[in-house]
Amino acid sequence: MKQMGTLEAQMKTIKAQLSSLTATGSAGAGMVEVTVDGDHKVKSININDVMLSPENKAMIETLVQSAFNDANDKLQIVIEDYTKRQLQSLGLGGFGL
């Protein structure tokens, strides 16, 4: 039973650590970059100054959306890799995430 409590505490720690992971996605050959954290919250958006003109509004909106989706796709991979490593360190590597 004690081992189960320790395992539960370790799993809570892993979950908390996942929030600190980040991934950055880009679109438009790097003209727009979006960074998200492990909770899928946007941490930053970077738009190249070249894009900042009223006639580029629709393009910027599309690129931000694409960069956000790219960042979330990358974040999912980071989370899966991190979780697998943590589970293996706990001796639970056979759960196949």
Looking at Arg85 and Asp81, is there a salt bridge between them, counting it only when a charged N and a carboxylate O are closer than 4.0 Å? no
Taking Lys84 first and then Glu80, would you say they form a salt bridge - that is, a charged N and a carboxylate O separated by under 4.0 Å? no
Below 4.5 Å, heavy atoms only, C-beta onward: do Ile60 and Ile47 meet side chain to side chain? yes
Hydrogens and angles aside, do Asn56 and Ser53 bring a side-chain donor and acceptor to less than 3.5 Å of each other? yes
Please confirm whether the backbone N or O of Ala9 pairs with a side-chain atom of Thr13, one donor and one acceptor, at under 3.5 Å? yes
Using side-chain contact (heavy atoms from CB on, under 4.5 Å), reason through Ile14 and Met11 one step at a time and then give a plain yes or no. CA-CA 5 Å; Ile14 290 170; Met11 292 301 288; 4.2 Å; yes
Minimum heavy-atom distance Ala71-Ala23, with the two atoms named: O-CB, 3.6 Å
Distance check, rounded to the nearest 0.5 Å: Asp70 atom CG versus Leu63 atom CG? 11.5 Å
Would you say the side chain of Ile79 lies within less than 4.5 Å of the side chain of Leu21, judging by non-hydrogen atoms? yes
Let me confirm one number: the OG-CZ distance from Ser26 to Phe68, rounded to the nearest 0.5 Å. 14.5 Å
Looking at Ser89 and Gln86, would you say the former's side chain and the latter's main chain have a donor-acceptor pair under 3.5 Å? yes
Using modelled atom types and a 3.5 Å cut-off, is there a donor and acceptor pairing between side-chain atoms of Asn46 and backbone atoms of Glu33? no
Please examine the side chains of Lys43 and Thr24, heavy atoms only from C-beta on, and report whether any two atoms are closer than 4.5 Å. no
Rounded distance (nearest 0.5 Å) linking atom NZ of Lys41 with atom OG of Ser19: 10.0 Å
Are any of the side-chain heavy atoms of Val36 and Asn72 separated by less than 4.5 Å? yes
Would you say Asp37's side chain and His40's backbone share a donor-acceptor pair under 3.5 angstrom? yes
Val50 and Leu52: same hydrophobic cluster, using ILVMFWY side-chain contacts below 4.5 Å? yes
